[in-house]
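Written below as structure tokens is the structure these notes are about.
Values reported hereafter were calculated over all heavy atoms of this structure, with side chains retained and with hydrogens, waters and symmetry mates removed.
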Amino acid sequence: MNSKQTTDSLAQADAYFMQQAMAEAQAAEAIGEVPVGAVAVYQGEIIARGHNRVITDLDPSAHAEMVTLRAAAKALGNYRLGDVTLYVTLEPCSMCAGLLVHSRIQRLVFAARDPKAGAAGSVLSITQHPKLNHQVDITEGLFAEECSNMLSEFFRLRRAAKKRLRQQQS
């Protein structure tokens with residue numbers, strides 16, 4: 001296989017796995033959670049999936065990345081995830097970026113940047129910090145518009161519902 005075929009194969013795999021993460025984001029939205037989803041891939045296979053569960057689990061750490069990587073570590077029987085790629089619909093926050101570094105994730109593929117809390121390059125660069133003992137390879141922007149629109153629409157509807165509730169109470 002030449003390098004163009006390898007690049008094309010990787011792009012196709014990235015698209016497929018990001019679509020799986022997007023399905024997880026839709027599952028989060030269906031239960032009233034912020035629509036962020038993730039999948040962990042090892043040797044070309046999904047070994048774990050997850051979506052935001054902060055409200056559902058009453059757990060401030062139950063972000064899509066955290067849920068997914070906990071399951072991936074159990075699936076592999078190891079807390080070190082050096083040969084795992086994580087696909088996530090939103091740039092990780094500082095907590096999740098720290099998790100990626102500590103678990104030694106090889107590669108992160110994320111869709112939409114988070115200009116308010118992103119820690120993989122937008123606000124902070126935890127995943128690439130030169131003083132840390134591990135840096136994560138990053139690919140960003142795959143299905144960014146679709147994932148960004150999903151988040152924007154979720155928050156638009158949430159604001160509208162809160163406004164209606166305030167109007168009913170007054």
> Just wondering, do K116 and V123 contact through their side chains at under 4.5 Å, heavy atoms?
Replying inline: no
>> Please enumerate all residues that pass side chain to side chain donor-acceptor pair (under 3.5 Å) together with D114, with sequence neighbours excluded.
In response: none
> Got a donor-acceptor contact below 3.5 angstrom from the S122 side chain to the P115 backbone?
Replying inline: no
> Listed by chain and number, what are the side chain to side chain donor-acceptor pair (under 3.5 Å) partners of R156, not counting sequence neighbours?
Replying inline: E153
> Does R158 have any side chain to side chain donor-acceptor pair (under 3.5 Å) partners at least two apart in sequence or in another chain, and if so, which?
Replying inline: none
>> List the residues meeting side chain to side chain contact (heavy atoms under 4.5 Å, CB included) with A120, not counting sequence neighbours, and say none if there are none.
In response: E91, P92, L108, F110, T127, I138
> By side chain to side chain contact (heavy atoms under 4.5 Å, CB included), which residues pair with R104, not counting sequence neighbours?
Replying inline: R80, N133, H134
> Got a sec, which residues hit side chain to side chain donor-acceptor pair (under 3.5 Å) with D59, two or more places apart in sequence or on another chain?
Replying inline: S61
>> For L124, give me all partners under side chain to side chain contact (heavy atoms under 4.5 Å, CB included), at least two apart in sequence or on another chain.
In response: S94, A119, I126
> What do the steps show when you test V136 against H129 for side-chain contact (heavy atoms from CB on, under 4.5 Å), and what is the final call?
Replying inline: CA-CA 9 Å; V136 179; H129 199 285; over 6 Å; no
> Is the shortest heavy-atom distance from the side chain of V41 to the side chain of I47 under 4.5 Å?
Replying inline: no
>> Give me each pair satisfying ring pair (Phe, Tyr, Trp, His ring centres under 6.0 Å) with a member in residues 55-97, each pair once, sequence neighbours excluded.
In response: F17-Y87
>> Which Ile, Leu, Val, Met, Phe, Trp or Tyr residues join V67 in one cluster when any pair of side-chain heavy atoms under 4.5 Å counts as a link?
In response: none
> According to the ring pair (Phe, Tyr, Trp, His ring centres under 6.0 Å) rule, which pairs have a member within residues 138-170, sequence neighbours left out?
Replying inline: none
> If you group Ile, Leu, Val, Met, Phe, Trp and Tyr whenever their side-chain heavy atoms sit less than 4.5 Å apart, what else falls in with M150?
Replying inline: none
> Residues in side chain to side chain contact (heavy atoms under 4.5 Å, CB included) with I31, at least two apart?
Replying inline: E33, H51, R53, T56
> Can you tell if the side chain of R70 reaches within under 4.5 Å of the side chain of L99, non-hydrogen atoms only?
Replying inline: no
> Where do P35 and A28 come nearest, in terms of heavy atoms and distance?
Replying inline: CA-CB, 4.1 Å
